[in-house]
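Everything below concerns the one structure shown next.
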Amino acid sequence: MSWINLSALWKILVFGLLAGAGLPALFAAGLYSLSLGPRRAQVAAADGGADSDVLIGGSIVGMAIAAICVLIILAAIGWGVYEIYTLGHPAPKK
């Protein structure tokens, strides 16, 4: 079995799980963290009260977690674009 490079196979598997399932899972965690905290409060309408809901706000911690998740995803996208660019444009030899 010397024709199977187990080290490379392991690296491909881990990177595929991180990029293939990890980034969408991180995006989902960021969206979920935005939903945390108080959402709506009932406001009594002047005419006897139809549905007049007012958005009060979300959780500051949830918004911070979502921002961190989005920044990690943007960094991964930027790194991927950079890697693709460097593969197509190798550095000149000295």
Side-chain angles (χ1 to χ4, degrees):
M1 274 220 271
S2 63
W3 55 275
I4 297 176
N5 188 350
L6 293 178
S7 175
L9 186 63
W10 180 80
K11 290 177 185 176
I12 291 170
L13 180 67
V14 169
F15 184 75
L17 286 175
L18 287 176
L23 290 177
L26 190 64
F27 181 73
L31 287 181
Y32 177 74
S33 68
L34 283 177
S35 71
L36 299 177
R39 287 187 211 104
R40 295 187 178 271
Q42 293 289 335
V43 175
D47 62 352
D51 358 55
S52 49
D53 291 341
V54 155
L55 183 65
I56 297 298
S59 170
I60 298 295
V61 175
M63 288 188 283
I65 291 171
I68 291 170
C69 291
V70 168
L71 288 175
I72 291 172
I73 292 168
L74 289 176
I77 291 170
W79 177 69
V81 169
Y82 171 76
E83 286 296 321
I84 290 172
Y85 177 79
T86 56
L87 285 173
H89 299 87
K93 295 182 181 181
K94 295 181 181 182

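Predicted, not measured: the structure shown is a model, and the values here were computed from it. Positions are given from 1 along the sequence.
Minimum interatomic distance between Gly30 and Ala66 (heavy atoms only, all atoms of both residues): O-CB, 3.4 Å. Nearest heavy-atom pair, Leu26 versus Ile72, reported as atom, atom and distance to 0.1 Å: CD2-CG2, 3.4 Å.
The hydrophobic clustering, which links ILVMFWY residues whose side-chain heavy atoms are closer than 4.5 Å, places Leu34 and Ile73 together. Under a hydrophobic clustering in which Ile, Leu, Val, Met, Phe, Trp and Tyr are joined whenever their side-chain heavy atoms come within less than 4.5 Å, directly or via other members, Ile65 and Leu31 fall into different clusters. Hydrophobic clustering, with ILVMFWY side chains joined whenever heavy atoms are under 4.5 angstrom apart, keeps Leu71 apart from Met63. Neither Leu17 nor Leu23 shares a network with the other; the hydrophobic side chains, linked directly or stepwise wherever heavy atoms of I, L, V, M, F, W or Y lie under 4.5 Å apart, form separate groups for each.
In this structure, Ser7 OG and Ile12 CD1 are separated by 9.5 Å, a value rounded to the nearest 0.5 Å. Interatomic distance, Leu13 CG to Leu18 CG, rounded to the nearest 0.5 Å: 9.5 Å.
In this structure, Tyr82 has no ring pair (Phe, Tyr, Trp, His ring centres under 6.0 Å) partners at least two apart in sequence or on a different chain.
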